[in-house]
Amino acid sequence: MGCGNSRVKIKSMKKAAKENHQCTAGTAIKAAILIQRWYRQYVARMEVRRRCTWTIFQSIEYAGEQDQIKLHNFFSCLMDHFTPTCGNDQGFISHIITQTDETCKDNQSAYDNIEVSDSYVGPQLCFPLKPAHVIALLEAFKEKQQRLHARYVLQLLNETRKHLEHLPNINQISTCYSKEITICGDLHGKLDDLFLIFYKNGLPSPEKVYVFNGDYVDRGKHSIEILLILFAYLLIYPKGIYLNRGNHEDHIINLRYGFTKEVMQKYQEHGSRILKLLRSIFSWLPLATVIDEKVLIIHGGISETTDLNFLRKIDRHKYISILRPPGRRRIDWYKHASGQEQLCGGSSEHNVMLNQTPRKNTDSHVLHSHTNNTSKSSSTLSVKKKEITKREHRSVEEELEKCRRQVGFSNVYEDSKSLTVPDSDSDEHERKQIVDILWSDPMHQEGCITNLVRGGGCYFGPDVTEKFLRKHNLQLLIRSHECKQEGYEYCHNQKVLTIFSASNYYEIGSNRGAYVKLGPDLIPHFVQYQVNQSTRKLTLRQSVSRVERSALGALREKIFAHKSDLISAFEHYDKNKTGNISLNDWANALESILALGLPWRILHSQLVPSAPNGLLNFHLWFDQLAIERPNAQHIQPSLLETLYKSRSELETIFGIIDIDNSGQISFEEFQKTWQLLSSHLKIEISDEAISDLARSMDFNKDGSIDINEFLEAFRLVDKSNYKD
């Protein structure tokens, strides 16, 4: 009996334990599912924030490129339509945007007379270069030692130019001579990324072949060091390293994005000479590279008119800057005056100048060109200040004449002894081919449309890619030009590969860098990296928040710079004049003015602190958004807003005016800067306001203005972070 009871109890206990275990397991599974669901929602929210941040960075970057092209087009108009009265006027603009290459064939005298002092402890070069020289160069740059002496820089650049002159427009390389070929994208002055690539993948050599796909300079702080390393390896192993030209290998772009400034700061006395030689080198860089006749490597992209056979025949050296066509020839007025009597009606009463034929734009994808109409001779015409706002009712020539008079260029065409002959259609077609391969981007939709976002090149669809690859018997197009969060990205049915090698491009933690390796099978193998080790210690939320703060700060500056336009747009929606608008109207107004293509309704939680009942007091919102620094308090609000809006344009114009790159400009030069800017923006700024601004910026009262201090004075500060 006792044994029977004992067996029953044991069975009961086992049954209870089993039921309890099943209950516990069920609870654990439910808990795991809930945690998994929560984590997926958390990751999804972080991904939305990350993508919004990415969109902000890209939209502002592309808008800046578009503004740079517009500014340069304005200067091009001045140069095309006006003849200076003296050498000073010519030097005022043309020394920067001129398209002629003044570099002589042998610049040995340029560096022979530069002595290397005994105190110099940096790397020393002798030619022909040997691998040991480059290793010493790498070590010096890695340890942040003294920079390479200007004599060696000029000698290295001169040898590089002579080597590039003998290279074709499109390099042909084969995998049969090496195990793998490594392709790197944009570096943008980030030397640490180059060092990491060499550490992971090995140094260039005939057995370790590299293709660098342009955009070596600008934005980063070590552009010149990257160029010197790559050029040195190019001279030592001409079959071990290949360099393509990017859209930033252009002296006009360098003015805005930092490379010009970097060179002048590092090589003050010889900086101008170095920049002039680099200008020639950039124009000699090959345009593309083809691997095994199957893989095309170009910097930007293609258009429906891109033709590799045509590109092979172009004289690429003519295009010192692709933003300005070559062949701006001057002809003697007197030699051609007799041939123009028919245009003048054979009468001396008309005094009509040579009528210029407008350049034909063969495709809408090319950078905007300027139409040349007949210029009216009016040497006694006076400029009225308020007429600036009425320019849309005048011809292009009348507008430009007034701009020219405002900046002190008094002569018009009939006073000139020479005229500008427009470019031929063939030059324009050549330039368009180069613009398209350096500036274009792929898109998901089919077709080929103008790239209005960047201001140059086009957007090309998968059908354009397919047609192009089939025409040239290719299987893959590798390009760079766009920052990607993972360092690379496929599109167009994996027929187009974007590779970007500058990690932390927008902000620390914003993106990875990558390079791709191709073997004889031409199957891409990717290597990703991120230079800054501090990002590895951050959680996902911390990493996203860090990059997000930087992006929102840049966006606030953009918003504040358009304050007047935005308030007008807000008031349009505020029918009852209450000062309040809905968040939907707020989003619509922001997009209509800024045209950044951002998800404003998603971003409102980061940009709008509070909106009771879904209504935003836009005047209060601007007060809470940001404030100006104390040293800008006494400047007229309209002028202050123009400063914020056009800060990059001002820096570019300052760079043009500051011929000796001293970083200082006189009051007179400062006034000319603002007159140029007001002409470019078609706004009216009084001379008194400009003078007041100049005096307020002359901190040490020496009659000159420090450019860096001036520009630094106009940055936005978050209200929440500002302390008296």
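Here, residue 1 is the first one in the sequence, and each next residue gets the next number. Bear in mind the structure is a predicted one, so any value in this text is a computation, not a measurement.
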So, do [X] and [Y] sit near enough that their side-chain heavy atoms are less than 4.5 Å apart?
X    : Y    : value
I181 : K517 : no
E482 : D441 : yes
H299 : D215 : yes
H481 : L438 : no
L235 : P128 : no
I298 : L296 : yes
I291 : I183 : yes
R479 : L477 : yes

Establish, from distance only, whether the side-chain atoms of [X] and [Y] form a donor-acceptor pair under 3.5 Å.
X    : Y    : value
N504 : Q530 : yes
N254 : T260 : no
R273 : Y267 : no
S480 : N213 : yes
E61  : Y506 : yes

To the closest 0.5 Å, what do you measure between [atom1] ([X]) and [atom2] ([Y])?
X    : Y    : atom1 : atom2 : result
I241 : L230 : CD1   : CG    : 5.0 Å
H149 : L154 : NE2   : CG    : 10.0 Å
D193 : F500 : CG    : CZ    : 9.0 Å
L125 : L148 : CG    : CG    : 5.0 Å
I302 : I437 : CD1   : CD1   : 11.0 Å
I499 : D186 : CD1   : CG    : 10.5 Å

Worked check of side-chain contact (heavy atoms from CB on, under 4.5 Å) between R556 and I559: CA-CA 5 Å; R556 288 189 181 99; I559 292 172; 5.5 Å; no

Might you point out which heavy atoms bring [X] and [Y] nearest each other, and give the distance in Å?
X    : Y    : result
P286 : P168 : CB-O, 3.7 Å
G185 : S501 : N-OG, 2.7 Å
S303 : T306 : N-OG1, 2.8 Å
E507 : S550 : OE1-OG, 2.9 Å
R245 : L285 : CB-CB, 3.8 Å
G456 : V435 : C-CG1, 4.5 Å

Aromatic centroids of H188 and Y505 separated by under 6.0 Å: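 Here the rings of H188 and Y505 have centres that are less than 6.0 Å from each other.
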
Salt-bridge present (E159, K162; N to O < 4.0 Å):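 Looking at E159 and K162, the cut-off is met.
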
Backbone of [Y] reached by a side-chain donor or acceptor of [X] within 3.5 Å:
X    : Y    : result
S59  : I56  : no
S280 : L277 : no
N169 : L311 : yes
R431 : I322 : yes

For residues 200-209, dump all side-chain donor-acceptor pairs below 3.5 Å to protein atoms at least two apart in sequence or in another chain.
residue : atom : partner : partner atom : Å
N201    : ND2  : T182    : OG1          : 2.8
N201    : ND2  : Y210    : OH           : 3.0
S205    : OG   : E207    : N            : 3.3
S205    : OG   : K208    : N            : 3.1
K208    : NZ   : N201    : O            : 3.3

Steps toward side-chain contact (heavy atoms from CB on, under 4.5 Å) verdict (I434, I314): CA-CA 9 Å; I434 299 178; I314 290 176; 4.1 Å; yes

Determine the interplanar angle of the [X] and [Y] rings, folded into 0 to 90°, and report it as parallel if under 30°, tilted if 30 to 60°, perpendicular if over 60°.
X    : Y    : value
F460 : H492 : perpendicular
F526 : Y488 : parallel
W284 : H317 : parallel
Y237 : Y233 : parallel

Enumerate, atom names and distances included, each donor-acceptor pair closer than 3.5 Å involving a side-chain atom of residues 221-229, sequence neighbours excluded.
residue : atom : partner : partner atom : Å
S223    : OG   : D218    : N            : 3.0
S223    : OG   : E262    : OE1          : 3.4
E225    : OE1  : K266    : NZ           : 2.9
E225    : OE2  : K266    : NZ           : 3.0

CA sep, side-chain torsions, deciding dist, call: Y319, D250, side-chain contact (heavy atoms from CB on, under 4.5 Å): CA-CA 9 Å; Y319 300 89; D250 188 308; over 6 Å; no

side-chain contact (heavy atoms from CB on, under 4.5 Å) between R512 and Q485, intermediate numbers included: CA-CA 6 Å; R512 295 181 180 182; Q485 290 181 335; over 6 Å; no

Check against ring pair (Phe, Tyr, Trp, His ring centres under 6.0 Å), H251 and F282: CA-CA 9 Å; H251 66 281; F282 288 166; 9.0 Å; no

